[in-house]
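By convention here, the first residue in the shown sequence is residue 1.
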Amino acid sequence: LKPVLWLQDMHLCSCFRSSAVAPDETYDTSGRDVVSVESEDSSDRPGHFLRGISCLYFADGFIKEVISAGHDRNASVREVEADVIRKKGESILCPRDARPGTSYVDAVSGPDAAKSEFMLSYSWGYGVGSIADTLTDFLGSDEHKYVWICCLCINQHRVKEAQAAGHVVPFGIFRKAFSQRVEGVSHILAMMSPWQHPLYIQRVWCVFEFSHAIMENKELSVLMPPDEKDAFRSALFASGRGLRELFEGLSKLRIQDAQASVPHDKEHIMQTIDKAAEDFNKSPKVAALNQSVKEKLQTWFIATAAAWLEKKISSGDSVEWSIYNSVAEMLMEAVADFERAENILKVGMKQHGCDGPVAAISIRLLGRMSIRKGDYSRAEQHYTHAMALLDACNESMSVQYAQLFIDKFVATGDTVLLNRAKQLFEDLNETSCEDYARLLKHMGTVHLGEGDLMQAMKFYALSRSHYEKGQLRQSPGFADLMVNMGRLEVTLEDNWKALEAFEEARRIYQAIGVTTSPGYADLLLNMGHLQAEKLERPDTALTSFREACDVYDAVGASGLAVAQAYSKLGQMLNKAGTPEKAAEAYGRAKKEYEACGEVDGPEYEEAREFSFQGKFPAVKFTPERKFMPPLSGDIGRTKASDIPDIPIRGTIRGTVASLPRSHAR
């Protein structure tokens, strides 16, 4: 007989290409086509490619078999595969090929196995008890909840036979079978453990499957074992560090760095993502995949943390004030859920009062939220209130007070505040604190606006040194700095260096999963301007402006930068020969200009003139405008003596020279 190979390991289990898929198909190594042995009416019978195990049976019957075989309840899938999973069906004929040895799920009868609605995405390194607890915690004990789990639903006897014979299933068949499972179920369950550094995101098949589920618009739930969920909750409510520790782990997610048991699988997966890539570290498609997975995971974890906090609030439980601030900050910074963040901050202040340093942090966050919304006047009020609270408790000589000087500069443009912040940091000998690199970055931007390019370059270099010494290259603050440095290169007319800086900023934003943010939109706006006005790349410029507008809308931003983005989008759409779409974009720009009171410039006149449906003349965006990138604060480390004593003079209300204020942090 010619060898017939059952398709194996393809996906979610990620750690083994020795146990995966397509129990409904066989691959004949003689070269004949893949053949199906299933009929449409056999979905609940043994042999169906979506036949899964009931959650109740897995948590009860399967775990009892594991213990009876002499294993600990939390033995890994790898450890129980031979004498529990494979042994179950060793004397039973497989319904697919009528040969001895069948899959575990086909050896289970009655209501304990049927067509699956759920698919578990996990690692074979997870303990079986932990898997059982995770499924029970999410699905309950309903015996009619069926889950497709590769270790149980693939015929491991055929897998071992194939391995012994040295046969390798072509990757294309794996991918086809993988897609069938994802498309066949309605709900993907992705299991994350341990919570700080999930093994899941280190396996290439897991990340690939997760992204595939996103693309297929499948319902996708992220699960944690109950003990890991408790540990995450404790870390969150004990110190507020839970989300930050998790995000530090997620920031390292890169499918090009993930592992596969079979090296060729990873090569094929990467080629599937981007066939044309010469360097996957520079591939936009790979970056987009990483970004989509990170954003989905971040959104889920933040929403879960917020839900836990809101549940404690509704139950009347006592929660430390710092936790309200921590959760609200993550809602605001990572997912731009301003309304939910504001409600949490207000509840925190209602429960704990409105006095003292912690209250000042809450009010400072409300100010940052106002900046994001483009309401600089309201932001100034919040920052002034926060400073008054610190004055009242004799905390004016503090890092927090220096931070508020910087925040108030962002709201008012008063450069004297930057000098006061710098002096206070130095007096406190706190030049390695969180916002010092941010301060230097702002000083560089002020000099850039004044046309003092040498001083701008010097301050940007110092700021960069701080970020790098603090190992904070992978941060929004450093990304913002790269945008500023790119704008400096545009001013120096070194457009390729500018593009390089912008691309570096984009890679950072995508790497850390912070692309639904005003800062990322500001970056796209800068890139679009460079592509359109300097590099003469209208197609890529159009894409950049469109993406910038989409992000601004997603986060509910408003103000001059949004007006300019829509104005530039209208111009590029007009040049592309789509006047009706251009008119719509110009109409939105007109409203934004009017809303922020910027109605005296030629950009507003252009938007007003062309915000109707009709034929447009070939217009050029009148005076060249430079755009202020977002200004954020992240940790930097240096000595005060490293900073030249260069005073910054004057006040800039609303603009630095001709630069519109951004949605700065």
Side-chain angles (χ1 to χ4, degrees), residues 222 229 232-244 246-247 295-389 400 403-404 407 410-411 476 513-514 516-519 551-559 630 632-633 663-665:
V222 180
K229 188 187 296 184
F232 176 44
R233 187 185 290 113
S234 296
L236 175 68
F237 291 121
S239 64
R241 282 287 303 167
L243 280 173
R244 294 196 179 279
L246 178 69
F247 276 31
E295 286 185 348
K296 184 74 173 180
L297 291 173
Q298 286 179 345
T299 299
W300 184 88
F301 279 110
I302 292 171
T304 298
W308 286 341
L309 176 57
E310 289 163 346
K311 185 176 181 180
K312 278 184 170 289
I313 293 170
S314 63
S315 301
D317 294 339
S318 176
V319 180
E320 288 187 24
W321 200 348
S322 61
I323 308 305
Y324 289 92
N325 291 338
S326 177
V327 173
E329 183 177 15
M330 298 305 289
L331 283 168
M332 181 175 69
E333 299 290 352
V335 296
D337 192 341
F338 299 140
E339 182 178 355
R340 198 173 188 183
E342 185 173 4
N343 289 338
I344 285 174
L345 289 172
K346 289 181 176 178
V347 170
M349 288 188 287
K350 183 177 181 180
Q351 289 195 359
H352 293 275
C354 293
D355 297 313
V358 182
I361 293 173
S362 299
I363 293 169
R364 181 191 180 207
L365 289 172
L366 289 173
R368 287 165 64 179
M369 199 177 306
S370 296
I371 291 291
R372 297 293 194 281
K373 296 176 180 179
D375 190 343
Y376 295 94
S377 176
R378 183 63 174 163
E380 181 183 5
Q381 293 174 20
H382 284 308
Y383 295 145
T384 301
H385 183 190
M387 296 176 91
L389 292 178
Q400 190 176 350
Q403 291 169 339
L404 283 164
D407 293 332
V410 173
V514 185
T516 306
S517 67
V551 176
Y552 282 135
D553 288 346
V555 300
S558 60
S632 66
H663 306 83
R665 284 193 289 271

What one should report as the nearest heavy-atom pair of V555 and P518 is CG2-CG, 3.9 Å
Check whether more than 12 heavy atoms from other residues, nucleotides or ligands sit under 6.0 Å from atom CZ of R378, and answer yes or no.
no
Classify the ring geometry between H352 and W321 as parallel (under 30°), tilted (30 to 60°) or perpendicular (over 60°).
parallel
Checking Y383 side chain against R368 main chain: does a donor-acceptor pair fall under 3.5 Å?
yes
With distance as the sole test, does S315 use its side chain to make a donor-acceptor pair with the main-chain N or O of K311 at under 3.5 Å?
yes
Using a 4.5 Å cut-off on heavy atoms from C-beta on, say whether the side chain of I313 contacts that of Y324.
yes
With rounding to the nearest 0.5 angstrom, report the CG to NE2 distance, L389 to H385.
4.0 Å
Q351, CD: over 12 other non-hydrogen atoms inside 6.0 angstrom:
yes
Where is the tightest heavy-atom contact between A303 and R340, given as atom of each residue plus distance?
O-NH2, 3.9 Å
side-chain contact (heavy atoms from CB on, under 4.5 Å) between E329 and N325: does it pass, once the steps are laid out?
CA-CA 6 Å; E329 183 177 15; N325 291 338; over 6 Å; no
Would you indicate whether the side-chain heavy atoms of M369 and D375 approach each other to under 4.5 Å?
no
CD1 (I361) and OG (S322) are apart, to the nearest 0.5 Å, by 8.0 Å
Any chance you could lay out the side-chain contact (heavy atoms from CB on, under 4.5 Å) test for D407 and H382, step after step, and finish with the verdict?
CA-CA 10 Å; D407 293 332; H382 284 308; over 6 Å; no
For F301 versus V222, what's the shortest heavy-atom pair and its separation?
CZ-CG1, 4.2 Å
For L365 versus M332, what's the shortest heavy-atom pair and its separation?
O-SD, 3.8 Å
Roughly how far, to the nearest 0.5 Å, is CD of Q403 from CE of M387?
11.0 Å
Closest heavy-atom contact between L345 and S362?
CD1-O, 3.9 Å
So how far is it from T304 OG1 to L309 CG, rounded to the nearest 0.5 Å?
12.5 Å
Closest approach of G353 to A359 (non-hydrogen atoms, all atoms of both residues):
O-CB, 4.4 Å
Nearest-0.5 Å distance that lies between atom CD1 in I363 and atom CE in M349:
5.5 Å
